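Read the numbers this way: they start at 1 and go in the same order the structure lists the ligands and their atoms. For clarity, every value in this text was computed on a predicted model and none was experimentally measured. Starting from 1, each residue takes its place in the sequence as its number.
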Amino acid sequence: MVDIFENRRSVNFFDKTKDISNDLLKKIIERATLAPSAFNLQPWEIIAVRSEEAKQKLFETSNRQPKILEAPVTLIILGDKEGFSENNSSWKVMYDAFKNEESLKNSQNAAAFLYGSTEERKIKFAESNAGLLAMSIMYAVKEQGLDSHPMSGIDFEGIAKAFDIDSSKSVVMTIAIGYHDDSKEIFPRLKRKSFDEIVKIV
Ligand SMILES: Cc1cc2nc3c(=O)[nH]c(=O)nc-3n(C[C@H](O)[C@H](O)[C@H](O)COP(=O)(O)O)c2cc1C
């Protein structure tokens, strides 16, 4: 298996001649949805930007980052700020698995309090879960021999408007997906902070 941690890079240049099929995109996304989420609520949605018209809209609302026009697909990752609510179909999945009405109700009440009682909690819920999906997508992409590039240097509000995204959803980031243009070099990977710099053992 390829070492997806060592080999994943944010690739700035995509090969415009190499498309990816919807089947491959589906395989990548389905694999990535094995990511964890609170109560398995999976409060996320994805808009796959593929047509020239949609790419142009995303390009204009993403500080005109050229990779959006070069990559065959760019994903808009959305977090659902209302994903804890009872109409989330994942609650039914939980009920069908455990057949326990009381436990379902307790979980729904807990989720409503933990993730829905303030706007800050709603955003945290939506973006933390969708962020894990985003990372999972980038590793799934690498596993399939493709490359990706996450972006948050984008106009979040502009994207929401251009793609008619409901206000209950948060635009978390976008991820361009495709094959690296081998004729162009990307800069060497920069050193990461050390264990000692980031970990405090208490
Ligand atoms: C949430 C997030 C947002 C990013 N936004 C942008 C962006 O808008 N434009 C860009 O060129 N790179 C962006 N990057 C890429 C980072 O610059 C890159 O991940 C970092 O330099 C480390 O390089 P590597 O991913 O190749 O290891 C973003 C990365 C992350 C995780």
Axial cation check for Tyr179 ring with Lys18, 6.0 Å and 45° limits:
yes
Would the distance check show the side chain of Asp147 and the main-chain N or O of His180 forming a donor-acceptor pair, the cut-off being under 3.5 Å?
yes
I need the atoms of ligand 1 closer than 4.0 Å to a non-hydrogen atom of Gln65, numbered in the order shown.
7 (C), 8 (O), 9 (N), 10 (C), 11 (O)
Taking the six-membered ring of Phe163 (Phe, Tyr or Trp), confirm whether the NZ or CZ of Lys57 is under 6.0 Å from its centre and within 45° of its axis.
yes
Test: Arg121 cationic atom under 6.0 Å from Phe84 six-membered ring centre, within 45° of axis:
no
Ligand 1 to Gly153, heavy atom cutoff 4.0 Å, flagged ligand atoms 5 (N), 7 (C), 8 (O)
Check ligand 1 against Arg189 and write out every atom of the ligand that is under 4.0 Å from a heavy-atom position of the residue.
27 (O)
So between Ala176, Ser152, Ser10, whose heavy atom ends up nearest atom 2 (C) of ligand 1?
Ser152
CG/Asp164: more than 12 non-hydrogen atoms of other groups inside 6.0 Å:
no
Please report which non-hydrogen protein atom sits nearest to atom 6 (C) of ligand 1, along with the residue it belongs to and the distance in Å to one decimal place.
Pro150 O, 3.3 Å
Residue selection (non-hydrogen contact nearest atom 10 (C) of ligand 1) among His149, Met173, Arg9:
His149
Can a non-hydrogen atom of Arg192 be found less than 4.0 Å from any atom of ligand 1?
yes
Any protein heavy atom lying closer than 4.0 Å to atom 20 (C) of ligand 1?
no
The atoms of ligand 1 lying under 4.0 Å from a heavy atom of Lys67, numbered in the order shown, are 10 (C), 11 (O)
If you count every heavy atom of other residues, nucleotides or ligands that lies below 6.0 Å from Glu102 atom CD, does the total exceed 12?
no
Checking contacts now, so for atom 17 (O) of ligand 1, which I'm interested in, is there any protein heavy atom under 4.0 Å?
no
Are Tyr139 and Phe5 close enough that their ring centers fall under 6.0 Å?
yes
